[in-house]
Asks: 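Got a structure for you, written out below as structure tokens; questions coming shortly.
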Amino acid sequence: MPELPEVEALRRRIEVRALNRTILAVTPGNDVTHIELPSAEERARLEGHQFTEARRHGKYLFAGSASGPWMMLHMGMAGSIRVLDTDEPQADFIRLTVDFEGPRRLTFRDPRKFGWVRVIDDPDAVIADHDLGPDALSIGEAGFADRVGTCRGAVKSALLDQGKLAGIGNLWADEALYQAGIHPEARAADLSEEAVARLHRTAIRVLQSVCDTDATYSELPDAWLIHRREAGRACTRCDGAIDKIKVGGRTSYHCPDHQDRAA
DNA sequence: GACAATGTTCGCAG
DNA sequence: GCTGCGAACATTGT
């Protein structure tokens, strides 16, 4: 689930329901072996503070305030966040809970344990340390051409490289390439200037559209690839059929007929 | 039981 | 030193 638009939807949940409330306790959930969570000391640092701001960079999420510590979260493959009234039932696979005054509770759920939570002091410094590229929604055409359009490998691998561009994952990389008519295995550096610009515009439009629905896939246009990620399904843009291949080790759905290797 | 899964990280080869 | 690739990570669901 969690690429840029999905993480943005989680950020909004925090913004709408979990800001400006004093943190009473931060508690690890059940079965927290093999998952990185803040130590007891770090959890205690959050208590008594409020989150006044929720930020996102790529797929990374931050909640904190100018004066206090920040909680940094990554959703891994299957993590999610809910903000509940404390009398609502707890779901399975909750790895961390933050109890606020109110009462209200933020829960971090992560069945597959690929996500993690840290307590940090300065989001900007951590973003720089992680060697993350600019957020995919904020990069301009020239920056995109410079960072993605020069890669010697497959254009899809370039889109997925968080050091070049932060936020695009497997689903929305496929979607952007499908809508831009570019083959995932095309060498990025071989694409025309026009094709790179088209991919940039398309990627931003795709990501923004998904954000606009709060990452509710059923509200996305029927013609999108997201609704037909299955080999053999009919393409919505030409007479072709969707094919499933591996690119850079990731499952990739595309239409061999209209997605051009030499765009 | 085997396999695939929307994430990142690490080691190796070029 | 940088870039690109494949495997590994822990667990669930099909």
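Values in this document were obtained by computation on a predicted structure and should not be read as measured data. The sequence lines fix the lettering, A, B, ..., with proteins before strands; numbering per chain opens at 1.
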Asks: Using the test salt bridge (charged side-chain N to carboxylate O under 4.0 Å, His left out), find all partners of D214(A) that sit at least two apart in sequence or belong to another chain.
Replies: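 So D214(A) forms a salt bridge (charged side-chain N to carboxylate O under 4.0 Å, His left out) with R12(A).
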Asks: F93(A) has an atom CZ; how far is it from atom P of dT11(C), in whole Å?
Replies: 11 Å
Asks: Provide, to the nearest angstrom, the distance between the CD atom belonging to Q162(A) and the C1' atom belonging to dT9(B).
Replies: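 Distance check: Q162(A) CD to dT9(B) C1' gives 12 Å.
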Asks: Paired stems touching DNA chain B, three or more consecutive Watson-Crick or G-U pairs with both distances under 3.5 Å?
Replies: B:2-5 with C:11-14, B:7-14 with C:2-9
Asks: Sequence neighbours excluded, which residues qualify as side-chain hydrogen bond (donor to acceptor under 3.5 Å, both in side chains) partners of R105(A)?
Replies: D99(A)
Asks: How close or far is atom P of dT11(C) from atom CG of D92(A), stated in whole angstroms?
Replies: 15 Å
Asks: Can you tabulate the close N/O pairs, meaning under 3.5 Å, that link protein atoms to atoms of nucleotides 4-10 of chain C?
Replies:
from: dG4(C); atom 1: OP1; to: R152(A); atom 2: N; distance (Å): 2.8
from: dG4(C); atom 1: OP1; to: G153(A); atom 2: N; distance (Å): 3.4
from: dG4(C); atom 1: OP2; to: K164(A); atom 2: NZ; distance (Å): 3.4

Asks: Calculate the interatomic distance between L207(A) atom CG and dT6(B) atom C1'; express it in whole Å.
Replies: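 These atoms are roughly 13 Å apart.
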Asks: Using atom CZ of R229(A) as one end and atom P of dA5(B) as the other, report the distance to the nearest whole Å.
Replies: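 Nearest whole value for this atom pair: 9 Å.
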Asks: For residues 82-106 of chain A, pull every pair meeting ring pair (Phe, Tyr, Trp, His ring centres under 6.0 Å), keeping only residues two or more places apart or in separate chains.
Replies: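 Ring pair (Phe, Tyr, Trp, His ring centres under 6.0 Å) check on residues 82-106 of chain A returns F51(A)-F100(A).
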Asks: Roughly, in whole Å, what's the span from CD in E230(A) to C1' in dT6(B)?
Replies: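 In whole Å, dT6(B) C1' lies 17 Å from E230(A) CD.
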Asks: Kindly write out the residues that satisfy side-chain hydrogen bond (donor to acceptor under 3.5 Å, both in side chains) with E219(A), not counting sequence neighbours, or none if the list is empty.
Replies: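 E219(A): no side-chain hydrogen bond (donor to acceptor under 3.5 Å, both in side chains) contacts found.
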Asks: Taking the same atom, P, in dT12(C) and in dT9(B), what whole-Å distance lies between them?
Replies: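 Comparing P positions in dT12(C) and dT9(B) gives a spacing of 23 Å.
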Asks: So if I apply the side-chain hydrogen bond (donor to acceptor under 3.5 Å, both in side chains) rule between Q179(A) and each of R201(A), R205(A), Q259(A), which one comes out positive?
Replies: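 Of the listed residues R201(A), R205(A), Q259(A), the side-chain hydrogen bond (donor to acceptor under 3.5 Å, both in side chains) partner of Q179(A) is R205(A).
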Asks: Can you tell me which nucleotide in dT12(C), dG7(B), dA5(B) comes closest to the side chain of E3(A)?
Replies: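 Nearest listed nucleotide: dG7(B).
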Asks: Has T251(A) got a side-chain N or O lying under 4.0 Å from the OP1 or OP2 atom of dA5(B)?
Replies: yes
Asks: Side chains of residues 138-153 of chain A: which donor-acceptor pairs under 3.5 Å do they make with residues two or more places apart or in other chains?
Replies:
from: S138(A); atom 1: OG; to: D135(A); atom 2: O; distance (Å): 3.1
from: R147(A); atom 1: NH1; to: G163(A); atom 2: O; distance (Å): 3.3
from: R147(A); atom 1: NH1; to: K164(A); atom 2: O; distance (Å): 3.1
from: T150(A); atom 1: OG1; to: D146(A); atom 2: O; distance (Å): 2.8

Asks: Among all residues two or more places apart in sequence or in another chain, which pass the salt bridge (charged side-chain N to carboxylate O under 4.0 Å, His left out) test with E41(A)?
Replies: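 Partners of E41(A) under the salt bridge (charged side-chain N to carboxylate O under 4.0 Å, His left out) test: none.
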Asks: Kindly say whether G133(A) contributes a backbone atom to a donor-acceptor pair with the side chain of H57(A) at under 3.5 angstrom?
Replies: yes
Asks: Send over the distance from H57(A) NE2 to dG7(B) P, rounded to a whole Å.
Replies: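 Those two atoms, NE2 and P, are 16 Å apart.
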Asks: Can you list everything that forms a salt bridge (charged side-chain N to carboxylate O under 4.0 Å, His left out) with E230(A)? Sequence neighbours excluded, please.
Replies: R233(A)
Asks: Whole-Å distance between dT8(B) C1' and D131(A) CG?
Replies: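 My rounded result for the distance is 13 Å.
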